[in-house]
K.L.:
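The structure follows.
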Amino acid sequence: SIPSLIANAKPEWFSSAFVVCDGDDEHHAIRAEIELADWFSHRIKPVGVTLKPRQGGAAAIDAAWKALSVYAPGTDYVFHVEEDFTFRGRIPLPEMIAVLKEDPNLANMVLRRGPHGAEGPGGYIGDDPQAHVQHLRDGIRYLVHDKGFWLNPCVYPASIAARGWPEHGHEHDFSAK
């Protein structure tokens with residue numbers, strides 16, 4: 001949620017912002033843009049994109065990536081957040097970017113989420129602990145795997161967006177690509 005993002009990040013960590021509203025509720029996108037512009041102290045003007053009619057997550061990601069290339073060329077890293085995610089503490093964005101800078105073989109850094117759907121109590125990671133190797137770098141603990149590219153929420157090099165999101169695709173489709 002935008003309020004939990006604002007409560008757990010610093011506005012100076014960002015150089016641009018894109019709000020993609022998938023559906024007919026333009027007022028929702030406008031409210032989000034205003035909320036973010038206030039948080040950024042109007043240093044950054046968020047760009048709003050509304051998809052009409054509702055087109056789904058793949059189209060929303062594609063629209064954000066296209067907006068990135070038009071409105072923020074030269075961006076180094078993207079922090080991807082979907083509004084249904086609530087942050088419960090400080091977002092370690094600078095640390096996530098530091099790990100990506102140190103290890104160019106990593107596609108992205110994803111914050112761990114709770115269980116979803118049929119996953120067990122440890123979530124996706126807890127269901128397959130052998131697939132993840134723990135690392136410690138400069139006091140930053142993180143897990144590495146090669147099972148896929150996940151979005152919610154994550155940071156990744158902006159160059160990844162140039163690959164384009166698969167039409168009607170999900171994270172596993174992008175991972176396969």
Side-chain angles (χ1 to χ4, degrees), residues 1-11 13-14 16-40 44 46-68 71-72 75 77-97 100 107-128 132 142-143 145 147-158 160-161 164-175 177:
S1 70
I2 291 175
S4 75
L5 170 70
I6 289 171
N8 293 291
K10 294 183 178 182
W13 292 347
F14 302 88
S16 58
F18 305 100
V19 176
V20 179
C21 182
D22 183 25
D24 294 328
D25 188 1
E26 279 186 75
H27 299 292
H28 180 76
I30 292 168
R31 281 191 309 273
E33 289 173 51
I34 291 169
E35 215 172 339
L36 287 170
D38 287 345
W39 182 55
F40 290 131
I44 296 171
V47 174
V49 178
T50 301
L51 303 178
K52 290 183 176 183
R54 184 176 176 88
Q55 297 175 37
I61 295 162
D62 190 56
W65 284 8
K66 286 178 179 166
L68 176 67
Y71 296 103
T75 296
Y77 293 93
V78 173
F79 183 52
H80 177 102
V81 179
E82 296 174 7
E83 195 173 10
D84 61 350
F85 194 90
T86 300
F87 297 99
R88 297 182 181 189
R90 180 187 172 273
I91 302 166
L93 188 57
E95 293 88 347
M96 295 166 75
I97 291 172
L100 287 172
N108 65 343
M109 293 287 295
V110 183
L111 292 175
R112 199 165 170 181
R113 60 167 173 75
H116 183 72
E119 295 171 353
Y124 185 79
I125 292 170
D127 288 349
D128 192 3
H132 304 84
Y142 61 97
L143 300 173
H145 67 86
K147 297 191 74 94
F149 183 89
W150 296 325
L151 287 172
N152 197 9
C154 71
V155 63
Y156 50 85
I160 285 179
W165 195 260
E167 190 174 340
H168 306 295
H170 298 279
E171 291 156 314
H172 64 272
D173 298 308
F174 185 75
S175 296
K177 182 178 176 185

K.L.:
Has D22 got a side-chain atom pairing as donor or acceptor with Q55's backbone, closer than 3.5 angstrom?
P.N.:
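Such a contact is found between D22 side chain and Q55 backbone.
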K.L.:
CD1 of I2 to CG of L36: how many Å apart, nearest 0.5 Å?
P.N.:
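Reported value, rounded in 0.5 Å steps: 4.5 Å.
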K.L.:
Could you tell me whether the side chain of N152 reaches within less than 4.5 Å of the side chain of D84, counting heavy atoms only?
P.N.:
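Yes - at least one pair of side-chain heavy atoms lies under 4.5 Å apart.
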K.L.:
Taking all atoms of both residues into account, what is the closest heavy-atom pair of H80 and I61, and its distance?
P.N.:
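Where H80 meets I61 most closely, the heavy atoms are CE1-CG1, 4.0 Å.
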K.L.:
Closest approach of F87 and N8, non-hydrogen atoms and distance?
P.N.:
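Residues F87 and N8, closest heavy atoms: O-ND2, 3.4 Å.
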K.L.:
Quick one: pull up CG in L100 and CD in E95 and give me the separation to the nearest 0.5 Å.
P.N.:
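Rounded to the nearest 0.5 Å, the CG-CD separation comes out at 12.0 Å.
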K.L.:
So, using side-chain hydrogen bond (donor to acceptor under 3.5 Å, both in side chains) as the criterion, who are the partners of S175 when residues are at least two apart?
P.N.:
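Per chain and number, S175 pairs via side-chain hydrogen bond (donor to acceptor under 3.5 Å, both in side chains) with no residue.
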K.L.:
What distance do F18 atom CZ and T75 atom OG1 have between them, rounded to the nearest 0.5 Å?
P.N.:
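Taking CZ in F18 and OG1 in T75, the distance rounds to 6.5 Å.
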K.L.:
Write down the atom of G48, the atom of E33, and the distance for their closest heavy-atom approach.
P.N.:
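Distance-wise, the nearest heavy atoms are CA-OE2, 3.1 Å.
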K.L.:
More than 12 foreign heavy atoms under 6.0 Å from CZ of F79: is that the case here?
P.N.:
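It does: F79 CZ has more than 12 such atoms within range.
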K.L.:
What are the two closest non-hydrogen atoms of Y156 and A107, and how far apart are they?
P.N.:
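Scanning both residues, the minimum pair turns out to be CB-O, 3.4 Å.
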K.L.:
Checking A64 now: which residues fulfil side-chain contact (heavy atoms from CB on, under 4.5 Å) with it, not counting sequence neighbours?
P.N.:
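Per chain and number, A64 pairs via side-chain contact (heavy atoms from CB on, under 4.5 Å) with V20.
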K.L.:
How many angstroms lie between atom NE2 of H168 and atom NE2 of H170, to the nearest 0.5 angstrom?
P.N.:
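The NE2 atom of H170 is 10.0 Å from NE2 of H168, to the nearest 0.5 Å.
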K.L.:
If we only count heavy atoms from C-beta on, is the P92 to L111 side-chain gap below 4.5 Å?
P.N.:
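The answer is yes, as the side chains (C-beta and beyond) meet within the 4.5 Å cut-off.
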K.L.:
Quick check for you: to the nearest 0.5 Å, what is the distance between W65 atom CH2 and W165 atom CH2?
P.N.:
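W65 atom CH2 to W165 atom CH2 measures 5.5 Å (nearest 0.5 Å).
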K.L.:
So does W150 get a backbone contact from the side chain of N108, meaning a donor-acceptor N/O pair under 3.5 Å?
P.N.:
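Yes; at least one donor-acceptor contact below 3.5 Å.
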K.L.:
So, does D38 use its side chain to make a donor-acceptor pair with the main chain of E35 at under 3.5 Å?
P.N.:
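Looks like no, no N/O pair under 3.5 Å.
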K.L.:
For the backbone of G148 and the side chain of E171, can you confirm whether one donor and one acceptor N or O come within less than 3.5 Å of each other?
P.N.:
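Not confirmed, E171 side chain does not pair with G148 backbone.
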K.L.:
Quick one: pull up NZ in K10 and CG in L93 and give me the separation to the nearest 0.5 Å.
P.N.:
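K10 NZ to L93 CG: 11.5 Å, rounded to 0.5 Å.
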K.L.:
Looking at L68 and A161, what are the two nearest heavy atoms and their distance?
P.N.:
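The pair with the smallest heavy-atom distance is CD2-CB, 3.9 Å.
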K.L.:
Taking all atoms of both residues into account, what is the closest heavy-atom pair of W39 and P11, and its distance?
P.N.:
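In terms of heavy atoms, the two residues are closest at CZ2-N, 3.4 Å.
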